[in-house]
Amino acid sequence: MAPEEDIQAKPPCHPRACAIQDCLTKNSYNEARCQHLIDALYDCCDAFYRKNGDDASTVSCPKPNLLRLKLSQRQKEQARRAQ
């Protein structure tokens with residue numbers, strides 16, 4: 001499902017957050033195995049804030065400033081791995 005579709009869920013991005021929890025449970029809480037789902041949640045949250053503004057909120061997403069920090073950290077980590 002595209003982030004734009006998940007932001008229409010009630011609450012927004014909730015299906016992405018649930019997918020992470022299911023993955024973690026199935027994989028003995030090994031976060032590395034669920035990284036793709038965490039990235040998908042962050043993509044959904046980013047789309048949610050772009051559409052609704054930084055004053056919007058949903059229980060499924062970190063606050064906008066923390067989300068941006070996480071996205072930046074992940075981008076730097078991916079760049080390091082690519083080298």
**Q** To the nearest 0.5 Å, tell me how far Asp43 CG sits from Ile7 CD1.
**A** 12.0 Å

**Q** Search all heavy atoms of Ala17 against all heavy atoms of Leu41 and return the closest pair with its distance.
**A** N-CD1, 4.0 Å

**Q** Donor-acceptor pair, distance only, cut-off 3.5 Å: does the side chain of Asp46 make one with the backbone of Tyr42?
**A** no

**Q** Go through Asn65 and Lys70 one step at a time and tell me if the side chain to side chain contact (heavy atoms under 4.5 Å, CB included) criterion holds.
**A** CA-CA 9 Å; Asn65 59 340; Lys70 288 290 193 182; over 6 Å; no

**Q** Any heavy-atom pair between the side chains of Pro12 and Ser60 that's under 4.5 Å?
**A** no

**Q** For Gln78 and Asp39, which heavy atoms make the closest approach, and how far apart are they?
**A** NE2-OD2, 4.2 Å

**Q** Taking the side chain as everything from C-beta on, heavy atoms only, tell me whether Thr58 gets closer than 4.5 Å to Lys10.
**A** no

**Q** One thing to verify: whether Asp54 and Arg68 come together as a salt bridge, which I'm taking to mean a side-chain N less than 4.0 angstrom from a carboxylate O.
**A** yes

**Q** Should the pair Lys26-Asp22 be classified as a salt bridge under the 4.0 Å nitrogen-to-oxygen rule?
**A** no

**Q** To check you understand the geometry: which heavy-atom pair defines the closest contact between Ser57 and Phe48, and what is its length?
**A** O-CZ, 3.7 Å

**Q** Would you say the SG of Cys44 sits less than 2.5 Å from the SG of Cys61?
**A** no

**Q** How close do Val59 and Pro11 get, heavy atom to heavy atom, and via which atoms?
**A** CG2-CG, 3.9 Å

**Q** Any chance CG of Asp55 has more than 12 other-residue heavy atoms, nucleotides or ligands included, within less than 6.0 Å?
**A** no

**Q** Tell me if the CD atom of Gln75 is crowded by more than 12 foreign heavy atoms within 6.0 Å.
**A** no

**Q** Going from SG on Cys18 to CD on Gln21, what distance comes out if it is rounded to the nearest 0.5 angstrom?
**A** 8.5 Å

**Q** Is there a side-chain contact between Arg16 and Leu37 in this structure, where contact means two heavy atoms from C-beta onward sitting under 4.5 Å apart?
**A** no

**Q** Under 3.5 Å, is there a donor-acceptor pair between the side chain of Asn27 and the main chain of Tyr29?
**A** no

